[in-house]
Amino acid sequence: MSQLPNFLIQASAIDMSFGGRKVLSHGEAKVAKGEIVTLIGPNGAGKTTMVRIMLGLQMPDKGTVIRCPDLRVGYMPQRLNIDPSLPIDVLRFLSLGLSRGDAGHGLRSAALKEAGVDHVAHSPIQQISGGELQRVLLARALLRNPDLLVLDEPVQGVDVSGQAELYGLIRKIRDHRGCGVLMVSHDLHMVMAATDHVICLNQHVCCAGHPEIVSRDPEFVALFGESVAAELGIYHHDHDHEHDVHGDVISHNHDDHHHSHDHGHDHG
């Protein structure tokens, strides 16, 4: 696998089995600075396992992971179980497991504001909404001032309008901080508009590249169905650069590489 300039993390030829069942075969993924990469695929496709291996939380049977030296990672887990009897407010929750330097009061308040939930700072963590909890978890990941933000199903438990806002916020954070973002999602419609590069996993890499190209790939169509692929093909991608057949950007020496997307379909 070729190495990206400014790459933050890169996994190559990852094999992983659990109890004799192959979960990943020759899995590959890489994230560059300022890039949003999303792993998509059905349940059991190996998406979370791939992320855990890339973060060093799990050792693969085979394969290599290269991380940028001194890489700072902010990780937003897929789910969080909080003891309902634990009396803890959001600000206090943000300090758990972090050093005092990472979790000073001012830093925690600023992270909540950046995530759009500073209004729940003193609310009990168990009493905030699902959408607010996801943003609090995002704020917690931001406290580490990450080079790489890793988000496992970030819109879980969030209503449709809230999902669009949260994906928009993630892009805004990427633009502001210049960090790389690695997401896991099974929500195809919105994530296609929120990402620069898609990796479709189903125990192996079915297809990868720019969202427009992936949505037309025969393996993608076979995995998700013709109707889904056709619906995704409706959305219009307006950008100031071109992509080659692999979805990589063809450089024309443009400084501005931001994307804007318009949808022509219903998100429901």
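In this text, all values refer to a predicted model and were calculated from it rather than measured experimentally. For the numbers below, each heavy atom of this structure counts, side chains included, while hydrogens, waters and symmetry mates do not. Note that the numbering runs from 1 along the sequence shown for the chain.
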> What's the spacing between Thr48 OG1 and Asn43 CG if we round to 0.5 Å?
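Reported to 0.5 Å precision, the distance equals 9.5 Å.
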> Which value, rounded to the nearest 0.5 Å, describes the distance between Phe7 atom CZ and Glu35 atom CD?
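Separation between the atoms: 12.5 Å.
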> What pair of heavy atoms forms the shortest contact from Gly74 to Pro146, and how long is it?
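Shortest heavy-atom separation between Gly74 and Pro146 comes out as N-CB, 3.3 Å.
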> Compare every heavy atom of Val198 with every heavy atom of Pro211, then report the nearest pair and how far apart it is.
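Here Pro211 and Val198 meet closest at CG-CG2, 3.8 Å.
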> Taking the side chain as C-beta and beyond, is there a heavy-atom pair between Tyr75 and Arg144 under 4.5 Å?
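They are not in contact (no side-chain heavy atoms under 4.5 Å apart), so the answer is no.
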> Quickly, which of Ile14, Leu182, Ile199 forms a side-chain contact (heavy atoms from CB on, under 4.5 Å) with Met50? Name it, please.
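Testing each of Ile14, Leu182, Ile199 against Met50, the sole residue satisfying side-chain contact (heavy atoms from CB on, under 4.5 Å) is Ile14.
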> Quick check against the 3.5 Å criterion: does His122 have a side-chain atom that pairs as donor or acceptor with the backbone of Val120?
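Judged by distance alone, no pair lies under 3.5 Å.
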> So, the side chain of Thr195 versus the backbone of Ile36: is there a donor-acceptor pair under 3.5 Å, distance only?
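Looks like yes, one N/O pair under 3.5 Å.
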> Are the side chains of Glu132 and Val158 in touch, meaning some heavy atoms are under 4.5 Å apart?
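Side chain of Glu132 against side chain of Val158, heavy atoms only: no contact under 4.5 Å found.
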> For the atom pair OG (Ser185) and CD1 (Ile40), what is the distance rounded to the nearest 0.5 Å?
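So the gap between those two atoms works out to 8.0 Å.
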> So Val150 and Leu148, do their side chains get closer than 4.5 Å, heavy atoms only?
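Yes. Closest side-chain heavy atoms under 4.5 Å.
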> List the steps, then state whether side chain to side chain contact (heavy atoms under 4.5 Å, CB included) holds for Arg174 with Asp196.
CA-CA 11 Å; Arg174 185 280 307 268; Asp196 302 316; 2.8 Å; yes
> In the structure I gave you, are the side-chain heavy atoms of Pro124 and Ile88 within less than 4.5 Å of one another anywhere?
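The answer is no; the side chains never approach within 4.5 Å.
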> Under 4.5 Å between side-chain heavy atoms, hopping through other hydrophobics if needed: is there a path connecting Met59 to Ile9?
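No, Met59 does not connect to Ile9 through the hydrophobic network.
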> Rounded to the nearest 0.5 Å, what's the gap from OG on Ser12 to CD on Glu28? Could you check?
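Separation between the atoms: 5.5 Å.
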> Tell me, with the steps shown, if Ser109 and Leu91 meet side chain to side chain contact (heavy atoms under 4.5 Å, CB included).
CA-CA 8 Å; Ser109 297; Leu91 265 180; 4.1 Å; yes
> Step by step, would you call Leu138 with Leu149 a side chain to side chain contact (heavy atoms under 4.5 Å, CB included)?
CA-CA 9 Å; Leu138 177 59; Leu149 194 56; 4.0 Å; yes
> Before accepting this row, confirm whether a basic side-chain N of the pair Arg135/Asp118 lies closer than 4.0 Å to the acidic partner's carboxylate O.
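No, this pair does not count.
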> Could you tell me the separation between the CG atom of Leu137 and the CG atom of Leu142, rounded to the nearest 0.5 Å?
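Nearest 0.5 Å value for the CG-CG distance: 11.0 Å.
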> Testing the basics here: between Ile125 and Leu133, what is the closest heavy-atom pair and its distance to 0.1 Å?
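Shortest heavy-atom contact: CD1-CD1, 3.9 Å.
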> Can a donor-acceptor pair be found, under 3.5 Å and without considering hydrogens, that links the side chain of Glu165 to the backbone of Val160?
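No.
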> Between Glu114 and His176, do the side chains contain an N or O donor and an N or O acceptor separated by less than 3.5 Å?
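Their side chains do not contain a donor-acceptor pair, so the 3.5 Å distance test is not met.
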> Give a yes-or-no answer on whether the side chains of Ser95 and Arg92 include a donor-acceptor pair shorter than 3.5 Å.
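Distance-only check passes for Ser95 and Arg92.
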> Heavy-atom distance under 4.5 Å between the side chains of Gln134 and Leu166, does that happen here?
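Contact flag for Gln134/Leu166 side chains = yes.
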> Where is the tightest heavy-atom contact between His26 and Ala13, given as atom of each residue plus distance?
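Where His26 meets Ala13 most closely, the heavy atoms are CE1-CB, 3.5 Å.
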> Determine the minimum heavy-atom distance between Ala208 and His197, stating which atoms define it.
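Closest heavy-atom pair between Ala208 and His197: CB-NE2, 4.1 Å.
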> Please assess Gln10 against Arg67 for the test side chain to side chain contact (heavy atoms under 4.5 Å, CB included), listing each intermediate value before the final yes or no.
CA-CA 6 Å; Gln10 179 169 327; Arg67 299 178 193 88; over 6 Å; no
> Any side-chain heavy-atom pair from Cys206 and Leu223 closer than 4.5 angstrom?
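The answer is yes; the side chains approach within 4.5 Å.
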> Looking only at heavy atoms, which two atoms of Met183 and Pro154 are closest? And how far apart?
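Met183 and Pro154 have their closest heavy atoms at SD-CG, 3.8 Å.
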> Does a side-chain N-to-carboxylate-O contact under 4.0 Å join Lys22 and Asp15?
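Salt bridge between Lys22 and Asp15, a charged N being under 4.0 Å from a carboxylate O: yes.
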> With the side chain counted from C-beta on, respond yes when Leu24 and Leu201 share a heavy-atom pair under 4.5 Å apart, and no when they do not.
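They are in side-chain contact.
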> Could you tell me the separation between the CZ atom of Arg140 and the CZ atom of Arg108, rounded to the nearest 0.5 Å?
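Reported value, rounded in 0.5 Å steps: 11.5 Å.
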> Are Asp152 and Arg52 packed together at the side-chain level, in the sense that at least one heavy-atom pair is separated by less than 4.5 angstrom?
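SC-SC contact between Asp152 and Arg52 ruled out.
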> Can you tell me if Lys47 uses its side chain to pair, donor with acceptor, with the backbone of Gly41 under 3.5 Å?
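Indeed, once roles are kept as given, a pair shorter than 3.5 Å links the two residues.
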